[in-house]
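In what follows, chains carry the letters A, B, and so on, assigned in the order in which the sequence lines appear, proteins first and then strands, with residues in each chain numbered from 1. Keep in mind that the numbers below use all heavy atoms, side chains included, and drop hydrogens, waters and symmetry copies.
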Amino acid sequence: MSEIDEKLRTELQRQGVWVTSMQELYNWGRKNSIWPLQFGLACCAIEMIATAASRYDIARFGGEVFRPSPRQADLMIVAGTVTKKMAPQIVRLYNQMADPKYVIAMGACAISGGPFKQGYNVLKGIDRYIPVDVYIPGCPPRPEALLHAFMELQRKIDEQKLTGANKAEHLKTDQPSEFPVPKFGEHDLEPAANCAVFQPPVIERT
Amino acid sequence: MTPNPYLFIVIFIGVALAFPLVPLALAWTWRRFFQPPKPGAEKNAIYECGVESIGEAHIQFQSQYYLYAIIFLIFDVEAVFLVPFAVAFTGLPIGAFVAILIFLLLLVEGLVWAWGKGCLQWAR
């Protein structure tokens, strides 16, 4: 599992010998078969459907197999406004996905609440409850933006380590796979954010 | 020397077994040595729709709807036979006309029976 010397590898490739490591092989397989969870929350879902359809064709990146079950999915595309009514279900679905799992927050609403941020019923970003890997701004983002996020996620998966102190989160035994599901409180979801994954930004006033 | 004709079947069975078992064994080995298991209450939950299930799944459905099925059958069969009858009405002998009237009478009888039994009352 040790790192290959890049010079040695190019030298070997010149001689017609292709060298790889377990880690590269594993990540190469994973990044080219990311199966998203099939659900949409709002208008961003239309763009997600367009991305999956023939014109933009997410199948080129190995992500066309939208799974209707969280047990079979690797990627959760939070496409749209997350209302407070919907947030517990999103977190529960995320919890039910098998490791390793990734999240793309698609669009302004999923990132921060977007144009509905001041609304009483809108969650101000899904990253309050679950860790998000890639954020895509836009209202809604174009399919190209989702493809770009997909490629970013592939790059991220490709760089994940299997061993050592910097190994991927899903391989660490002390990292949780489930995150607490918020409950409906009297005025808001309780808790309002999961402190383990979300720290509210500090506003500096001068 | 010609090989045994059944040799191919043996090879076929061997390949058919190895094809699913080798990936499964690889996956198991991977899980055993690299991927730590992270089970949990949510992850192991039976339903995967995002909503917690409420109450028992073993409930009984009302069987009284069979009456509606029977009444539907009356009108359904009636329509199936009346349409071809109506299409060929002008060319039919008097015997066919009497036969379809008897048929209609039987169905009307069934409807009257259901009416009299109170099946048409939207109750319960």
Side-chain angles (χ1 to χ4, degrees), chain A residues 1 21-23 25-27 29-30 33 37-41 67-74 76 78 82-83 85-101 126 129-130 160-164 167-184, chain B residues 3 7-69 72-73 76 122-124:
Chain A
M1 202 76 74
S21 64
M22 200 69 171
Q23 177 179 301
L25 201 64
Y26 176 62
N27 285 342
R30 280 195 316 140
S33 65
L37 185 59
Q38 186 181 33
F39 76 104
L41 295 172
R67 303 311 295 184
S69 164
R71 321 272 192 206
Q72 303 165 353
D74 305 310
M76 176 181 249
V78 185
V82 186
T83 56
K85 193 81 173 171
M86 201 62 196
Q89 279 75 266
I90 301 288
V91 178
R92 200 171 283 124
L93 283 177
Y94 178 78
N95 285 345
Q96 288 181 345
M97 283 163 67
D99 282 289
K101 47 192 174 184
I126 191 60
Y129 292 115
I130 54 178
Q160 285 191 322
K161 300 268 185 294
L162 289 187
T163 49
K167 63 183 174 183
E169 298 287 306
H170 69 276
L171 297 172
K172 292 178 183 164
T173 39
D174 55 332
Q175 290 293 325
S177 174
E178 290 190 12
F179 290 89
V181 179
K183 299 259 189 305
F184 296 124
Chain B
L7 183 67
F8 296 105
I9 293 181
V10 172
I11 294 171
F12 187 80
I13 290 175
V15 171
L17 281 177
F19 203 75
L21 287 182
V22 167
L24 280 177
L26 274 175
W28 184 87
T29 319
W30 188 271
R31 185 196 64 82
R32 173 76 180 73
F33 291 105
F34 292 105
Q35 185 112 23
K38 291 178 181 178
E42 297 281 339
K43 217 177 195 177
N44 294 341
I46 295 168
Y47 291 99
E48 47 197 47
C49 59
V51 183
E52 279 179 323
S53 54
I54 301 167
E56 282 284 311
H58 296 157
I59 56 163
Q60 287 183 332
F61 282 96
Q62 297 273 350
S63 62
Q64 291 154 352
Y65 291 105
Y66 82 96
L67 288 171
Y68 296 103
F72 167 74
L73 204 67
D76 194 41
W122 185 261
R124 291 181 289 266

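Within the 4.5 angstrom heavy-atom criterion, atoms from both the backbone and the side chain of A/P100 approach chain B. Using a 4.5 Å cut-off between heavy atoms, A/K167 makes no contact with chain B at all. Contact annotation for A/V91: neither backbone nor side-chain heavy atoms come within less than 4.5 Å of a heavy atom of chain B. For A/Y94, no part lies under 4.5 angstrom from a heavy atom of chain B.
Interface remark: of the candidates A/Q89, A/M86, A/Q175, A/Q89 forms the most heavy-atom pairs closer than 4.5 Å to chain B. Annotation: maximal heavy-atom pairing with chain A below 4.5 Å, among B/G50, B/G40, B/A45, B/A41, occurs at B/G50.
Within a 6.0 Å sphere centred on CZ of A/F184, other residues, nucleotides and ligands contribute more than 12 heavy atoms.
Between the CG atom in A/L93 and the CD atom in B/E48 there is a gap of 9.0 Å [rounded to 0.5 Å]. Residue B/K38 holds its NZ atom at 7.5 Å from CG of A/D174, rounded to the nearest 0.5 Å.
Using a distance-only test at 3.5 Å, with no hydrogens or angles considered, a donor-acceptor pair links the side chain of A/R71 to the main chain of B/K43. Not one N or O on the side chain of B/E42 forms a donor-acceptor pair closer than 3.5 Å with the backbone of A/E178.
With sequence neighbours excluded, the residues that form a side-chain hydrogen bond (donor to acceptor under 3.5 Å, both in side chains) with A/Q160 are A/R30, A/Y102.
When all heavy atoms of B/Y47 and A/Q96 are compared, the pair lying nearest together is O-NE2, 2.9 Å.
The closest side-chain heavy-atom distance from B/W30 to A/M22 is below 4.5 Å.
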